[in-house]
There are 2 protein chains.
Amino acid sequence: MTQPTSRPESRTEAPRGRHLSAPPTPPTLATVADEAGVSRQTVSNALNNPELLRPETLVRVQSVIERLGYSPNRAARQLRTRSSHLIGLRFEPAQEGTSNALMDRFLHSLTEAASRTGHHVLLFSGDSKDPLDGYDDLLRSTAVDAFVVTDTYAGTPQAGFLRERGAPFVAFGRPWDEPGADHAWTDVDGAHGARLATEHLLEQGHRRIAWLGWEKTSRIGEDRRSGWQGGMQAAGQDTRGLGVRITDNVDAARLAAHELLEDPSVTGFACASDTLAIGVLHACAERGLRPGRDIGVVGFDDSLAAQVTWPGLSSVRQPLEEVAVELVRILHLVLAHKPIGDKGRMLRPSLVVRPSSLRS
Amino acid sequence: MTQPTSRPESRTEAPRGRHLSAPPTPPTLATVADEAGVSRQTVSNALNNPELLRPETLVRVQSVIERLGYSPNRAARQLRTRSSHLIGLRFEPAQEGTSNALMDRFLHSLTEAASRTGHHVLLFSGDSKDPLDGYDDLLRSTAVDAFVVTDTYAGTPQAGFLRERGAPFVAFGRPWDEPGADHAWTDVDGAHGARLATEHLLEQGHRRIAWLGWEKTSRIGEDRRSGWQGGMQAAGQDTRGLGVRITDNVDAARLAAHELLEDPSVTGFACASDTLAIGVLHACAERGLRPGRDIGVVGFDDSLAAQVTWPGLSSVRQPLEEVAVELVRILHLVLAHKPIGDKGRMLRPSLVVRPSSLRS
DNA sequence: GTCTAGGATTGGAACGATCAAGAGCCCTGG
DNA sequence: CCAGGGCTCTTGATCGTTCCAATCCTAGAC
């Protein structure tokens, strides 16, 4: 077996001797090295460059690692390699009422995807007035390797700031307002989603399909709207007077739907959110119209509300799991300073069909 | 001003000279020390024990820190002090359809509360089959200072495991099945919430109020149910035949509600979740009963669904923000090895009243 | 003028890992 | 016989911070 060659007494002997109430000092590289009768560096190599070791040595070291339950101290590793294996994500105070369960799905997928490459997600918050608050501290203290930025719409300054600081990051969301942006991003093709909804309603026999969307200032809202418009035009349908812009609010949608439904030829509604779609369902109920049979309604985001609402709301579902996986993939490339084929990648949402849009 | 006494050339001069494409090396303690004409230790004290410095020195050092934009390197500090200022939270793959927007609210509050004491939240995931997966790695690599455990019901082994390992943690959720548990926890008094709902319905003139809850195996479900039962008994109402246990599913609730509504004396429904409550609303719609006027319905969790559903679903709202603040508070005590007054603290939910339970 | 107390500041060591060389060994080829 | 080169493993230095103990300095007491 291993004959522990007598070497200068290791400092790890002291901690192992005592029995205090405090948790025992976890084993270090030196502990493992002593136990296996090799040097620290060899243990390090066993973990990071196993191919450098002779197979027998590798096995021996590994078994000691296993036996002692050793894991490298992250702080020490981080100090030396200058990489923390942490990904920072500023967690915004998503306003109540919005379908922010999206964030939940996304965050979970991101956590999982990151863990597959040995990374973890670090959440931080910041002053809601200053979209850059929090980033700087983490950068200067070299606490994270990179950031995932989630709101790149409406001229948010994060991307520019991080590029200027030379901080690695990827974005969930295309760089709407930045012509010179050259960072990696992934986004969901909202226009495609709205078009799917529109085409589905057309297939169900609806012709005059209205759009309920957000204010013109919302880039995402306008993007989705363009999908509806495109779908309608491709089918030779006139969209004049059918596109409505309101705030994301059930009651606003209900009122808008009532107005549109004054015209009996309007039988379909594609909406920028589930909240708006539910407003349409309310209007239908008040008019004695049956969703599905009489009026086709499709929402966006496939929130819990869409799933539980009567009679089941069709909705466009974002592939958040894939977004997370893709973000982690390109983040990996960015961190390795490897070239990325496409700076940006657009993923397509899918349509979840429920009774609210089915004639039968 | 400061006369930079000539001292052995500091190693920090090299990095400051070059101009590569790589991001510039951030300033270190030594940089600041040189610049301010003091030793490293003095700069360190300026940050950690300002009262040790002479006021003038303090000001001088602080101004240099400010000017250079210095933040201590977290890895180095963590290595030396053995504390990462990170709080680990295992982010479970909350099943779709459940009102997991809860988690979103909680997580955000936790992030904010933690940041107020200079901590960050580290998310990790683990094999869904092994509830302990992930904890061990983070512990052994000393990556986090403590954990927040969120699911202590149904005999989950996390608490026991962490206590055994001597790892600091606090729990969101009381230790249901552990008589010997001595860890700190915070929970929401579900029974109180259900009682609030029941009393509210009684006030609205309902007498025969049914309970729609989860399977008997759910400790949380049984806890909430006991609140309904207590409220009914206090009002001298018989609960026989009114308490139903089903799975958390709209359709199951709809069917159960239909059955209960066969008895016309049943006019109120307190539910263990919004999903179940919405099932009741569906049944009402199918029977031509008007929620609020004819039937009083109250859900639980105040999810998005409760807010947007017609006609607005009353619901019990958990004080997740307060839970997070409280958890961080006691975590602070635990980390400082200070005694905690109460091991556990129960917070009270509130009732959000909407038309589904209002007669007028 | 010396001694002492104590506040302010300093230099060296340590935390636990990786990097960069170097050293020992065995084999091959001139 | 020895130089040269893999292969395997070891040694010392280093990352940036804080801990520890020592040193400097000033003021007060005798």
Side-chain angles (χ1 to χ4, degrees), chain A residues 2 4-8 10-12 14-15 25-61 65 68 70-85 118 140-143, chain B residues 2 5 7-8 10-12 14-16 25-61 65 68 70-85 140-143:
Chain A
T2 86
T5 58
S6 104
R7 51 185 73 248
S10 99
R11 65 197 141 161
T12 56
T25 310
T28 72
L29 257 195
T31 319
V32 177
D34 273 4
E35 202 82 13
V38 296
S39 70
R40 300 187 318 266
Q41 185 62 48
T42 300
V43 180
S44 176
N45 284 337
L47 291 166
N48 303 319
N49 304 87
E51 76 280 3
L52 291 180
L53 299 205
R54 210 174 44 198
E56 327 156 27
T57 315
L58 180 58
V59 170
R60 180 154 49 98
V61 172
I65 289 177
L68 297 184
Y70 167 76
S71 292
N73 181 307
R74 286 186 121 88
R77 174 176 276 182
Q78 175 179 351
L79 175 59
R80 189 67 243 231
T81 64
R82 303 175 163 284
S83 104
S84 63
H85 287 247
R140 291 192 312 200
S141 59
T142 64
Chain B
T2 88
T5 57
R7 50 186 74 250
S10 100
R11 63 195 144 161
T12 56
R16 292 195 67 77
T25 310
T28 72
L29 259 192
T31 319
V32 177
D34 273 4
E35 203 82 12
V38 296
S39 70
R40 298 189 317 270
Q41 184 61 49
T42 300
V43 179
S44 176
N45 285 337
L47 292 167
N48 303 319
N49 303 87
E51 73 281 4
L52 291 181
L53 298 205
R54 211 174 43 196
E56 327 155 31
T57 316
L58 181 58
V59 169
R60 178 153 50 96
V61 173
I65 290 177
L68 297 184
Y70 167 75
S71 292
N73 181 307
R74 286 184 121 88
R77 171 176 278 184
Q78 176 178 353
L79 176 59
R80 190 66 244 232
T81 65
R82 301 170 165 286
S83 104
S84 62
H85 286 249
R140 292 192 312 201
S141 59
T142 63

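Heavy-atom basis, side chains included; hydrogens, waters and symmetry copies ignored. Naming: A, B, ... by sequence-line order, numbering from 1 per chain.
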Which residues pass the side-chain contact (heavy atoms from CB on, under 4.5 Å) test with [X], not counting sequence neighbours?
X: A:Leu47; result: A:Ile65, A:Tyr70, A:Pro72
X: B:Ser84; result: B:Gln78, B:Leu86, B:Asp145
X: A:Leu52; result: A:Asn45, A:Asn49

In chain order, what residues pass the side chain to side chain donor-acceptor pair (under 3.5 Å) check against B:Thr142, with sequence neighbours excluded?
A:Asn73
So what does A:Asn45 touch, heavy atoms closer than 4.0 Å: a base, only the sugar-phosphate, or nothing?
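The answer is nothing, as A:Asn45 stays clear of every strand by at least 4.0 Å.
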Please give the angle, rounded to 10 degrees, between the axes at the start and the end of the helix from C:dG1-D:dC30 to C:dG30-D:dC1, where five pairs define each axis.
70°
Using a strict heavy-atom distance below 4.0 Å, which residues from residues 71-82 of chain B are in contact with DNA chain C?
B:Leu79, B:Arg80, B:Arg82
Contacts of B:Arg140 that satisfy salt bridge (Lys or Arg N to Asp or Glu O under 4.0 Å) - sequence neighbours left out
B:Asp136, B:Asp137
For B:Arg54, give me all partners under salt bridge (Lys or Arg N to Asp or Glu O under 4.0 Å), at least two apart in sequence or on another chain.
B:Glu56
Any salt bridge (Lys or Arg N to Asp or Glu O under 4.0 Å) involving residues 70-79 of chain A? Give me the pairs, sequence neighbours left out, ordered by first then second residue.
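Passing the test, one end in residues 70-79 of chain A: no pairs.
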Could you check which of D:dT8, C:dG16, C:dA13 has an atom nearest any side-chain atom of B:Arg40?
C:dA13
Restricting to nitrogen or oxygen on both sides, can you table the protein-nucleotides 21-27 of chain D pairs closer than 3.5 Å?
none

